[in-house]
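Below is one structure; the comments refer to it alone.
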Amino acid sequence: MKFLKTKLAVLLATSCLMVPSVISAATETDAPTYTYQNGYIYTLVHDIYVPGRYLIDEDTIAVYIPGGVGIIAVDKDTVLPEGSVYLN
């Protein structure tokens, strides 16, 4: 009986040490932040919410394209139409 209690105590102690590691590993992902507002999904692109769902990396920027297109996320090397503005 003492051997079983020892095994159980060791199992409990090791699982308590593993739980914080698993939680911190799960929260350190670089997944894009999505939010749902007014019936649309928005993606957080460098502190600017852009309508739509985008995969974000370090080369992604938010831009405003006039003429009905509005705010979108693009790669920073994308050629934009005249009058477009990069949003900071």
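All residue numbers refer to positions in the sequence shown, counting from 1.
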Applying side chain to side chain contact (heavy atoms under 4.5 Å, CB included), name anything that partners [X], two or more places apart in sequence or on another chain.
X	value
Ile65	Val63, Val69, Ile72, Leu80, Pro81, Ser84
Ile48	Val50, Ala62, Leu87
Tyr40	Tyr42

Original post:
Any side-chain heavy atom of Ile41 sitting closer than 4.5 Å to one from Thr35?
Top reply: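 No, too far: nothing below the 4.5 Å cut-off.
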Original post:
Any donor and acceptor pair, going by atom type alone, linking the side chain of Thr43 with main-chain N or O of Tyr34 inside 3.5 Å?
Top reply: no
Subject >> Qualifying salt bridge (charged side-chain N to carboxylate O under 4.0 Å, His left out) pairs, either residue in residues 63-84, two or more places apart >> reply: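 Residue pairs with at least one partner in residues 63-84: Asp59-Lys76.
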Original post:
Shortest non-hydrogen contact from Glu58 to His46?
Top reply: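 Closest approach of Glu58 to His46, heavy atoms only: O-NE2, 4.5 Å.
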**OP:** Give, for atom CG of Leu55 and atom OG1 of Thr60, the distance between the pair rounded to the nearest 0.5 Å.
**Re:**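 Leu55 CG to Thr60 OG1: 8.5 Å, rounded to 0.5 Å.
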